Amino acid sequence: MIQKKQVEFGKRSGLKCYPVSTGAMRLPQDDEQAVQLMRQAIDAGLIYIDTCRCYGDSEIKVGKSLKDGYRDKVILSTKWSPWVRKIEEDDDASADCTYKRIIESMERLDVEYLDFYQIWSISKKEHYEQAVAVGGMLDGIKRAVKEGLVGHIGFTTHDSPENVSRYIDEADWCEAILFTYNVLNQTYQEVIAKAHGRGIATVVMNPAGGGILAQESSVLKAAFGDGSLVEMGHRYLKADPNVDTVLCGFANSSDITSTIENYEKTPLTQQECRCLEEKAQKISKKGMGFCTNCGYCMPCPQGLNIPGMMHAAYLSRLLQCDKIAEHHYRLIAKAENNTAAGFCTACGSCMEKCTQKLDIISQIRYLAEKFD
């Protein structure tokens with residue numbers, strides 16, 4: 001069972017967890033079902049819980065699941081930042097505002113303390129600078145630590161590996177970092193190793209590529225062969241000694257049991273991992289000569305998220321993962337009627353700035369015709 005595989009959750013924290021943890025971003029809508037699944041996960045060993053003030057009512061559902069003695073069994077982590085989502089119009093990155101959000105999360109979770117509070121989504125150096133400035137977010141979290149309301153501090157990131165590496169050098173306060181990492185995306189592989197070496201707990205989200213590995217795609221099958229791609233993805237991450245735990249999101253009981261079963265299998269060999277990385281590179285956006293998210297096309301005069309649109313086009317046209325592509329498109333399409341077509345005026349500004357001279361307009365038209 002997974003309980004036999006407890007590992008250090010970073011040397012700095014002094015805590016221990018299991019190779020698989022609970023990602024509470026998309027819990028079932030029904031409260032009773034959510035509580036039942038949460039407790040199944042905790043009983044199975046998924047004791048680190050990652051939630052967020054802005055994951056809908058996730059904190060409330062997690063709080064209900066922690067009654068009846070379950071609070072003492074888990075490592076509870078939540079997070080927030082004003083640059084991702086303001087709760088009130090005057091929210092900012094100040095210590096006072098952050099402290100207020102910590103108290104609010106504790107009330108929603110109905111707990112007396114948080115094991116971790118994380119700065120949510122440091123995606124550029126300006127975010128980091130706001131967070132660590134005197135009187136900034138970090139000072140608000142440290143106040144909560146001093147008062148015994150928070151045990152440990154961390155952050156989540158989508159920033160460049162170079163910037164994250166610098167943060168690791170500077171952030172002696174950091175005890176955990178949440179990264180995206182999977183067989184399709186090894187962007188943070190080296191900085192994960194660096195963080196682990198510094199005693200920082202390394203948590204991985206999107207182990208199945210945000211659900212891509214679970215899709216029926218002839219492109220993925222041709223690249224990686226037959227068999228369960230999700231299992232392959234889990235065994236790939238299990239082979240990395242620098243990963244402390246991966247988050248498992250679940251909508252039903254089988255999501256929990258199947259993930260545990262995958263982690264009870266032997267990890268891939270280093271040779272198998274390198275072989276998979278080479279295969280993944282061939283179907284990556286760079287390997288296919290597609291948009292690499294450099295951002296030079298921005299800003300769009302009409303306010304469209306062009307790199308986001310191009311990623312949706314990549315998922316649909318090149319990987320043949322239409323379900324995830326449509327979901328991604330819906331999330332970033334800028335329009336009341338959930339479409340991009342009415343906003344793109346085909347002005348060509350993005351194409352003039354594109355370093356790869358891609359036909360961005362035709363990609364946006366494709367998405368509109370495909371999904372609207």
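This one's a predicted model, so the numbers in the text were calculated from it and none came from an experiment.
Comment: K61 does not engage D30 in a salt bridge, judged by the lack of any side-chain N to carboxylate O separation of less than 4.0 angstrom. Between D255 and R26, no side-chain nitrogen of the basic residue sits less than 4.0 Å from a carboxylate oxygen of the acidic one, so the salt-bridge criterion is not met. Ionic pairing of R108 and E59 is present here: one or more N-O contacts between side-chain nitrogen and carboxylate oxygen are shorter than 4.0 angstrom. Using a cutoff of 4.0 Å between basic side-chain nitrogens and carboxylate oxygens, R330 and E326 are scored as salt-bridged. Under a 4.0 Å N-O distance rule, the pair K125/D159 does not qualify as a salt bridge. D91 has no carboxylate O lying under 4.0 Å from a charged side-chain N of R85, or vice versa, which leaves the two without a salt bridge. A salt bridge does not link R235 with E272: every distance from a Lys NZ or Arg NE/NH1/NH2 to an Asp or Glu carboxylate oxygen is 4.0 Å or more. Taking the charged nitrogens against the carboxylate oxygens, E89 and K86 have no contact shorter than 4.0 Å, which rules out a salt bridge. A salt bridge is absent between E190 and K194: the closest approach of a Lys/Arg side-chain nitrogen to an acidic carboxylate oxygen does not fall below 4.0 angstrom.
A distance of 13.0 Å separates CG of L178 from CD1 of I119, quoted to the nearest 0.5 Å. Distance check, rounded to the nearest 0.5 Å: CD of Q302 to SG of C344 gives 8.0 Å. Between K285 atom NZ and H311 atom NE2 the span is 5.0 Å, to the nearest 0.5 Å.
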Self-check item: Residue pair E231, K265: steps toward the side-chain contact (heavy atoms from CB on, under 4.5 Å) verdict
Solution: CA-CA 9 Å; E231 177 190 321; K265 295 175 181 177; 2.9 Å; yes
Self-check item: Check against side chain to side chain donor-acceptor pair (under 3.5 Å), Y314 and Q363
Solution: CA-CA 9 Å; Y314 163 73; Q363 301 297 340; over 6 Å; no
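Using a 3.5 Å distance cut-off with no hydrogens or angles, the side chains of S94 and D92 do pair a donor with an acceptor. Side-chain contact, D50 with S77: no donor N or O sits under 3.5 Å from an acceptor N or O. Counting only N and O atoms by type, the side chains of Y99 and D139 include no donor and acceptor under 3.5 Å apart.
By the 6.0 Å contact criterion, NZ on K282 is open, its count of non-hydrogen atoms from other residues, nucleotides or ligands being 12 or less. By the neighbour-count criterion of 12 heavy atoms within 6.0 Å, atom CD of E126 is densely surrounded, having more than that number from other residues, nucleotides or ligands. Surrounding CD of E170 are more than 12 heavy atoms belonging to other residues, nucleotides or ligands, all under 6.0 Å away. Other residues, nucleotides and ligands place more than 12 heavy atoms under 6.0 Å from the OH atom of Y113. More than 12 heavy atoms of other shown residues, nucleotides or ligands fall within 6.0 angstrom of atom CZ in R317. More than 12 heavy-atom neighbours from other residues, nucleotides or ligands sit within 6.0 angstrom of CD on E88. Crowding of K11 atom NZ: a count of heavy atoms from other residues, nucleotides or ligands under 6.0 Å not exceeding 12.
Ring geometry, F179 versus Y188: the interplanar angle falls from 30° to 60°, so the pair is classed tilted. The aromatic rings of Y55 and W120 stand perpendicular to each other, their planes meeting at an angle above 60°, with 30° marking the opposite boundary. Aromatic ring pairs are classed by plane angle as parallel below 30°, tilted from 30° to 60° and perpendicular above 60°; the pair Y329 and F371 is tilted.
With a 6.0 Å cutoff to the six-membered ring centre and a 45° limit on the axis angle, K370 does not count as a cation-pi contact of Y366. Taking the ring axis of F224 as reference, the NZ or CZ atom of K279 does not stay both within 45° of it and closer than 6.0 Å to the ring centre.
Between L27 and F250, some side-chain heavy-atom pair lies under the 4.5 Å cut-off. I47 has its side chain out of reach of S21: every pair of non-hydrogen atoms, C-beta onward, lies at least 4.5 Å apart. Two residues are said to be in side-chain contact when any heavy atoms from C-beta on lie closer than 4.5 Å; L319 and I212 meet this criterion. Counting heavy atoms from C-beta on, the side chains of N163 and K124 never come closer than 4.5 Å.
Residues meeting the side-chain hydrogen bond (donor to acceptor under 3.5 Å, both in side chains) test with D240, sequence neighbours left out: Y181, N242.
The hydrophobic clustering, which links ILVMFWY residues whose side-chain heavy atoms are closer than 4.5 Å, places V7 and I49 apart.
Ring centroids of F9 and F116 are separated by less than 6.0 Å, placing the two rings close together.
In plain terms, the two heavy atoms of R12 and C174 that are nearest each other are NH1-O, 2.7 Å. When every heavy atom of Y263 is checked against every heavy atom of P19, the shortest pair comes out as CD2-CB, 3.8 Å. Between G289 and L358, the shortest heavy-atom contact is O-CD2, 3.8 Å.
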